[in-house]
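Take a look at the structure set out below.
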Amino acid sequence: MSKPIIGITADSVHKPDVPRTRGHIKINWNYPEEVAKAGGVPIVIPPTADMAAIAQLIDGWLITGGEDIHARYWGEDNHEHAKPNDDSRTSAEFKLFKEIAPNLPVLGICYGCQLMNVARGGSLVQHLPDHVETVHTDGPLQTVPLQSGSNLATAMASEAVTGQSWHHQAVGRVGEGLEVVGTHADGTIEAIEDRSHPYFLATQWHPERTPDDPATQALFRSFVRAAADYRSQR
């Protein structure tokens with residue numbers, strides 16, 4: 001059986017007034033590296049892609065970290081400390097959400113976790129320092145207990161995961177069909193999932209930045225395995 005194709009959406013900045021480049025598309029090396037190590041074939045999805053065609057091509061979707069999501073997507077104004085990403089990325093990802101099969105495996109990390117929540121009608125806490133004293137930015141290692149029996153705890157083969165945090169926003173109102181399965185001691189939501197979905201999991205921390213952690217390795221293996229199962233059932 002051929003390896004599953006894992007689509008990875010990338011950060012992008014569209015600058016049509018710069019004729020030399022018209023903008024840029026980028027992705028951190030460690031995301032496709034972890035997918036490849038787990039047995040998948042990573043491909044980068046630019047925002048200019050035909051998302052209906054991409055939905056037919058991929059066997060799994062990894063939504064990576066990034067900047068903030070514009071608050072208009074859940075009916076608010078941006079916080080003064082918000083740093084919204086270029087909407088070329090977010091708008092393209094919402095298009096892809098509309099095109100993917102209901103059972104396509106999806107894994108979200110940091111921004112990806114937030115996007116999955118907003119796509120399901122949820123909201124975000126726009127600036128965590130307004131609500132908690134814990135510092136969640138600049139990569140501190142933080143331990144998050146996972147709900148026993150959750151899909152994420154099963155995927156990571158652990159009920160307590162230590163990972164790097166690089167976020168000043170987090171899940172606020174939880175989106176439809178989603179369940180909180182990991183919470184920091186200060187109350188910050190750190191993991192969500194759709195328990196009814198074959199594989200719809202998201203972490204607020206960055207597992208790809210602790211590649212030697214057995215829980216990280218288990219997570220990416222489980223994701224690629226779910227994508228392989230999806231591919232075989234097409």
Side-chain angles (χ1 to χ4, degrees), residues 1-9 27-44 58-66 100-101 103-117 136 139-167 170-171 177-185 188-233:
M1 183 178 67
S2 57
K3 293 182 177 181
I5 305 298
I6 307 298
I8 308 176
T9 41
I27 185 171
N28 289 345
W29 182 280
N30 45 10
Y31 294 111
E33 181 177 40
E34 291 309 306
V35 167
K37 283 165 52 180
V41 178
I43 63 170
V44 177
I58 61 176
D59 304 306
W61 178 14
L62 174 59
I63 311 174
T64 65
I100 60 174
N103 61 335
L104 180 82
V106 181
L107 174 61
I109 294 174
C110 198
Y111 162 99
C113 175
Q114 296 164 10
L115 185 83
M116 290 164 69
N117 187 61
H136 290 276
L141 283 172
Q142 298 175 341
T143 299
V144 178
L146 301 180
Q147 182 176 313
S148 178
S150 65
N151 292 339
L152 184 59
T154 299
M156 302 195 81
S158 177
E159 293 185 359
V161 178
T162 300
Q164 287 193 15
S165 291
W166 295 83
H167 59 96
V171 170
L178 299 177
E179 181 178 348
V180 176
V181 295
T183 305
H184 187 272
T188 301
I189 294 173
E190 292 284 341
I192 56 175
E193 66 180 46
D194 182 344
R195 190 74 67 92
S196 68
H197 191 286
Y199 202 101
F200 196 88
L201 310 178
T203 70
Q204 186 59 68
W205 72 92
H206 282 266
E208 83 287 355
R209 295 182 183 178
T210 51
D212 296 327
D213 181 11
T216 288
Q217 296 169 2
L219 176 63
F220 280 97
R221 285 196 303 267
S222 73
F223 177 47
V224 171
R225 188 163 55 245
D229 291 342
Y230 174 86
R231 184 178 183 88
S232 70
Q233 294 168 13

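Just the heavy atoms: all of them, side chains too, but no hydrogens, waters or symmetry mates, feed the values below. All values derive from a computational prediction rather than experimental measurement.
A distance-only check finds no donor-acceptor pair linking the side chain of E190 to the backbone of V144 [under 3.5 Å].
Y31 is listed as a side-chain neighbour of H206, based on a closest heavy-atom distance under 4.5 Å. Residues P145 and E159 form no side-chain contact, since every pair of their non-hydrogen atoms from C-beta on lies 4.5 Å or further apart. Contact check for N30 versus P211: no side-chain heavy atoms found under the 4.5 Å cut-off. Counting heavy atoms from C-beta on, the side chains of I63 and V106 come closer than 4.5 Å. With a 4.5 Å cut-off on side-chain heavy atoms, H167 and T188 count as touching. Side chains of E208 and T216 form no contact here, defined as non-hydrogen atoms less than 4.5 Å apart. Counting heavy atoms from C-beta on, the side chains of T64 and I109 never come closer than 4.5 Å. Q204 places none of its side-chain heavy atoms less than 4.5 Å from the side chain of H136.
Atom-to-atom distance recorded for S165:OG and R209:CZ is 10.5 Å, nearest 0.5 angstrom. Here the OG1-CD1 distance, from T9 to I27, works out to 7.5 Å after rounding to the nearest 0.5 Å. D59 CG to L104 CG: the interatomic distance, rounded to the nearest 0.5 Å, is 7.5 Å. Rounded to the nearest 0.5 angstrom, Y230 OH and S232 OG are separated by 11.0 Å. To the nearest 0.5 angstrom, I192 atom CD1 is 9.0 Å from Q114 atom CD. Note that the CG atom of L178 and the CE atom of M116 stand 7.0 Å from one another [nearest 0.5 Å].
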Original post:
Q147 and E179: side-chain hydrogen bond (donor to acceptor under 3.5 Å, both in side chains), yes or no, with the steps?
Top reply: CA-CA 10 Å; Q147 182 176 313; E179 181 178 348; 3.0 Å; yes
Subject >> Residue pair V180, V171: steps toward the side-chain contact (heavy atoms from CB on, under 4.5 Å) verdict >> reply: CA-CA 9 Å; V180 176; V171 170; 5.7 Å; no
**OP:** Decide yes or no on side-chain contact (heavy atoms from CB on, under 4.5 Å) for L146 and V161, but give the supporting numbers first.
**Re:** CA-CA 7 Å; L146 301 180; V161 178; 3.6 Å; yes
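Taking each heavy atom of I6 and G40 in turn, the nearest pair found is CG1-CA, 4.4 Å. Contact detail for A202 and L152: the closest heavy-atom pair is O-CD2, 4.4 Å. Here the shortest heavy-atom pairing between P4 and R231 reads CA-CD, 3.9 Å. The two atoms that bring C110 and G65 nearest to each other are CB-CA, 4.2 Å, heavy atoms only. A pairwise comparison of heavy atoms in P42 and A36 identifies CD-CB, 4.3 Å as the closest pair. Closest approach of A160 and T143 over heavy atoms only: CB-CG2, 4.3 Å.
Put simply, the residue from L201, N151, L219, D213 that forms a side chain to side chain contact (heavy atoms under 4.5 Å, CB included) with M156 is L219.
Partners of F223 by ring-ring contact (aromatic ring centres under 6.0 Å, His included), not counting sequence neighbours, listed by chain and number: Y199.
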